[in-house]
Structure formats: C-alpha cells, structure tokens
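Everything below concerns the one structure shown next.
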Amino acid sequence: MVEKNSKTGKILIVDDNEDLLKAAKIFLKRHFQQVDLEKNPEAIPTLINNENYDVILLDMNFTKDVSSGKEGYYWLEKILEIDPSAVVVLITAYGDVQMAVKAIKAGATDFVLKPWENEKLLATLFSAMRLRETRLEVEDLKTRQKEINRQINNKYHDIIGQSAAIHKVFETIDRVAATDANVLILGENGTGKELVARAIHKNSGRKDQVFVNVDLGSVSETLFESELFGHKKGAFTDAKEDRSGRFEVANGGTLFLDEIGNLSMPLQAKLLTVLQNRRVSRVGSNKETNIDIRLVCATNMPLYEMVKENKFRQDLLYRINTIEIELPPLRERLEDIPLLATHFLEHYSKKYNKQVSKISDAAISRMQKHSWPGNIREIQHAIERAVIMSNSQVLQPEDFNLNAQPQAAADGDNVMLDQFKLEDVEKILIRKVLKKYNGNITQAASELGLTRSSLYRRLEKYGL
C-alpha cells in the first residue's frame, strides 16, 4: 500500500476519454490538492502557462491517430519546450515496450498502461512529484549559485573607517540587521551604499541565502518588468527562454534595489504593487509566485523633496524606509582617509605588481585637504592611478592629480577665478554642480549644458 499523504500537489490529466477523466478525478482528488482535466490537447500550452503542475498525465493517442503514439510524442515535446522541468507521465492502452523506451528517451518520466491499477498509479504519481521537487530545487540552486559566485568575485566586502560618523553607521547596522525591516540607505555617489547593504545581509538571518543587487538606474523602462519579475519564453521578441526575475532569484535572501530614486512614477506603482502583495507574475504569464525577501534600497536623490514635487510616491517611500541609514560623505570623515588610502594602496600594488609600499605624510595631508566630491570611489581611483604612474616605493603629493586648495575653495565657494587656469575652473565648477545635485550625473550634466557622456569624460580626465 502506498502511504496516503495529506493533500498536496497539482495534477493535470489530458485524455480524450471522458469516462477515464471522470474516474481518474474521483480517485485522485482524495490524494492531491488539485486535479485538472482536459480532453483537448490543444489547450495544453494555455494550461501550463497559467498553472504550475507537479505532474502531467498525458495520453499517447488521441482521436486522429489511435495507436502509433505520435500525438503523445508531439505534445510531450511541446510541454518540455514550454517548461523544461515539467514531469510528464504518458498513458496508453497499448503495452508496447519500444514505445515506452522511446517515450522515456524523449523526456517522459514514466509510462503507465490503461486500465491502470489505482495503487500503482498513485505510487507512480507520488514518485513523479518527488522528481519534480528535485528538478525545481536543482534549478533554483543553479540560479542561486551563479549569483553567489558572482558576488564572491566582488573585491570589497568591508566598510573601512573608524571615524565617529562611520561608527554611527555600524551601530545602526547592528540594530537592524537581525530584523527583516526594510532599509533605505541615503548618501552621495561613491559613499559605499552597496557595502552597507551587503553588511546588513551578512549580519542577518538570511546570510546563508543569496544577495541580489539591481541597479535600477541602468534598467530601461521597457525591460523593468522582465528584469525584476521575469518572463516566459515568447513573451516578447527577445524572450528566447523562460527567465527568473530578480525577485524570484532573491527569494529567501536579500534584494538590494540601488538608485531607486531614478524610477518613473508608472514603474514605482508596479514596484509598490509587488511589495504590497509579496507576489510576482512573469511577463507573459498569469501565474503568481509568492516571494520572501528582505528589501534594502538606496539612492543619492532627495526623496522627500521629490515626494513634495510629485516625482516620488509617498506610499512607496513609506514602504521602503522602515529604517533609514544616511552615509556621510568622505569630506565629513577625513580621519578615515589614511585607512582607506592604505587599503587601496595594498590592493593596487598587488594587482599591478608594483613595489609601492607607503603613502607619505605630505601626500596624506594633501588628500585630507581635498573635497572628494566622488567620495570613496574617487579616492580609490586616485590611488589606483598613483600606483600605476609612480616609479617610487613611496607615493608623494605630486603623484596625485589633486589641488591643494582648502575644502571651501575646492567646493567652489569664494573662489578667485583669476588664480586658476581654465581647466582648474572647469574642475571646480563640475565639483560644485555635482555637490548641488548630490552626485546625480543626469542632473549635473543638464545644469552644465553637457551630455552625460561628455560629463563622464571630464570626470575621468580630472580624476573625479
């Protein structure tokens, strides 16, 4: 006797024999959560696109061709094309061994004869259900492992600093990490928002699960739903295969939505709906999948001002900012510069096989007078460039492309323009506008009358 489990599992039976369908449902509905019947195989694609079936019982022969099994093979191929992890058990009245072998080779899980013995059918279905569970687990593990491997290759996992400002950030992380509260991280570009998000994940109950990072600033309006919610094969022109969205990949772990302030109002509405319902539907499918994520968001944009200007939804802001963490810019934690500089020096000396072992006190002093509008990312770039260009074991002030002006002057306040070359003035102006817009490249470029690419070239030129 097969052990009778509590009702679980969804079964689809496709057969043109109406009496068989009714008899099968009467028996199987006592053992499974859901038993759906279908006489017309043409309905198969619609059915499996709208429901996650654990097992599909498929007749080998329909009215067009009563004995060869060709129709069964055709629909088996179609099912596996739509859902490669589908578990299909073929049924037929003809006990042909060669047909059974061919069916298994074509991707069927098992083969049963009709009229069947109820207990044998039940045993076959329970075994097929376990196979389906295993396939889905393997698929999920592969997706998660790819994401984990990608994250392992990231070079910087730790937040470096010992200033009072950064210790305040550490204290907040300690308090919120163990909870599942949604966290909003605020700060200028380059202040380390992603590192804080990773630290929250690393110290949470989800630390052994995946951390998924999505840069919303780089996701186009047209691909937003596909990227975040996934899509079915054929849902649009370039949808060559089924794809899990970032919400599904992050299930059980942490989802980090960076640059959330860049979302348009329509996309904000779609995101809010998913966060409220905790369910996603892939593009091209009506099936909903429950999600269990820890949400962490970040932005360099003034969300509260944007709410007043009707550029950001207030209900979405309330949803994402249960806890806020504001990261200080580097100019407010100058005492951390020696630690950061040493960290990047060690890394790039090793990377480029250079015998650069120290940064002079004079160089550190010069660095502490710089305003660092690009924050940690800028100092990282400055150290990398200095290591590459230096021929000495000790980096000196002249190895850095930094001006020696006090911060107020570097920020563009009270600047005497006749003391500078044109390039110096341009550099100061770019810094000032970047500061005005909290590092937002699009807004800064518009203010300066430049394209984004032109501004990026100048940032690279001046090491900003």
Side-chain angles (χ1 to χ4, degrees), residues 154-177 183-203 256 258 296 298-300 323-351 356-387 390 394-397 399-411 413 431 434-435 438-439 459 462-464:
N154 287 349
K155 292 181 173 63
Y156 305 114
H157 296 279
D158 299 321
I159 307 166
I160 298 169
Q162 58 184 12
S163 62
I166 208 66
H167 271 291
K168 185 178 179 181
V169 173
F170 293 151
E171 289 171 2
T172 306
I173 292 173
D174 289 341
R175 290 176 183 175
V176 306
V183 178
L184 174 62
I185 305 170
L186 304 172
E188 297 177 8
N189 280 341
T191 50
K193 295 186 289 292
E194 182 181 342
L195 291 181
V196 171
R198 291 181 184 279
I200 291 170
H201 173 74
K202 186 177 179 181
N203 291 280
F256 175 50
D258 199 5
V296 181
T299 184
N300 63 353
I323 301 293
E324 284 185 15
I325 299 177
E326 186 160 3
L327 299 188
L330 189 54
R331 62 183 173 273
E332 293 179 8
R333 43 180 291 216
L334 296 176
E335 59 267 50
D336 289 331
I337 284 179
L339 284 175
L340 288 162
T342 300
H343 170 77
F344 291 127
L345 175 68
E346 291 174 354
H347 171 72
Y348 288 115
S349 294
K350 183 177 181 180
K351 177 179 179 179
V356 184
S357 58
K358 187 180 178 182
I359 303 174
S360 71
D361 292 342
I364 291 292
S365 178
R366 173 73 65 84
M367 293 169 77
Q368 289 180 315
K369 293 177 181 177
H370 186 60
S371 62
W372 301 107
N375 294 295
I376 297 170
R377 194 176 296 133
E378 182 184 355
I379 195 173
Q380 177 182 350
H381 175 80
I383 296 292
E384 180 179 18
R385 181 184 180 282
V387 168
S390 178
V394 180
L395 295 182
Q396 300 295 341
D399 292 314
F400 295 90
N401 186 25
L402 306 174
N403 66 66
Q405 301 300 316
Q407 284 190 58
D411 285 341
D413 297 326
R431 281 203 189 103
L434 281 171
K435 181 181 178 182
N438 293 316
L459 293 175
Y462 298 130
L464 299 178

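Quick caveat, the model's predicted, so the values are computed rather than measured. Both backbone and side-chain heavy atoms feed into the values below; hydrogens, waters and symmetry mates do not.
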From CA spacing to verdict: side-chain contact (heavy atoms from CB on, under 4.5 Å), Leu186, Thr299: CA-CA 5 Å; Leu186 304 172; Thr299 184; 3.6 Å; yes
Worked verdict on Leu330 versus Leu340 for side-chain contact (heavy atoms from CB on, under 4.5 Å): CA-CA 10 Å; Leu330 189 54; Leu340 288 162; 3.6 Å; yes
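Here the side chains of Ile323 and Leu184 are not in contact, with every heavy-atom distance at 4.5 Å or above. Counting only heavy atoms from C-beta outward, the side chains of Leu459 and Leu434 approach each other to under 4.5 Å. Here the side chains of Glu384 and Lys351 are in contact, with some heavy-atom distance below 4.5 Å. Between Val296 and His201 there is no side-chain heavy-atom pair separated by less than 4.5 Å. Residues Met367 and Phe400 meet the side-chain proximity criterion, which asks for heavy atoms closer than 4.5 Å.
Counting all heavy atoms, side chain and backbone alike, Ile166 lies closest to Gly161 at CG2-C, 3.6 Å. Contact record, Ile379 with Phe344: CG2-CE1, 3.9 Å, taken as the closest heavy-atom pair. Nearest heavy atoms, Pro397 versus Ser360: CD-OG, 3.8 Å. Of all heavy-atom pairs between Ile383 and Ala341, the closest is CD1-CB, 4.1 Å.
Under a 3.5 Å cut-off, the side chain of Asn375 and the backbone N or O of Asn189 do form a donor-acceptor pair. Using a distance-only test at 3.5 Å, with no hydrogens or angles considered, no donor-acceptor pair links the side chain of Trp372 to the main chain of Pro329. The closest donor-acceptor contact from the side chain of Gln368 to the backbone of Leu334 lies under 3.5 Å. Judged by distance alone, with hydrogens and angles left aside, the side-chain atoms of Thr342 form a donor-acceptor pair with the main-chain N or O of Pro338 at under 3.5 Å.
Remark: Asp399 CG to Asn401 CG distance equals 11.0 Å, nearest 0.5 Å. To the nearest 0.5 Å, the span separating CG on Leu345 from NZ on Lys358 amounts to 11.5 Å. With rounding to the nearest 0.5 angstrom, the NE2 atom of His370 is 11.0 Å from the CZ atom of Arg366. Annotation: the span from Glu326 atom CD to Ile185 atom CD1 amounts to 12.0 Å, rounded to 0.5 Å. Residue Lys202 holds its NZ atom at 10.5 Å from CG of Leu195, rounded to the nearest 0.5 Å. In this structure, OG1 in Thr191 is found 10.5 Å from CD in Glu332, a value given to the nearest 0.5 Å.
Judged as a salt bridge (Lys or Arg N to Asp or Glu O under 4.0 Å), and not counting sequence neighbours, the contacts of Asp336 are Arg333.
Comment: Glu194 engages Arg198 in a salt bridge, judged by a side-chain N to carboxylate O separation of less than 4.0 angstrom.
Residues Phe170 and His167 bring their aromatic ring centres within 6.0 Å.
Here the rule is side chain to side chain donor-acceptor pair (under 3.5 Å) with Glu188, and of Lys193, Lys435, Arg331 only Arg331 fits it.
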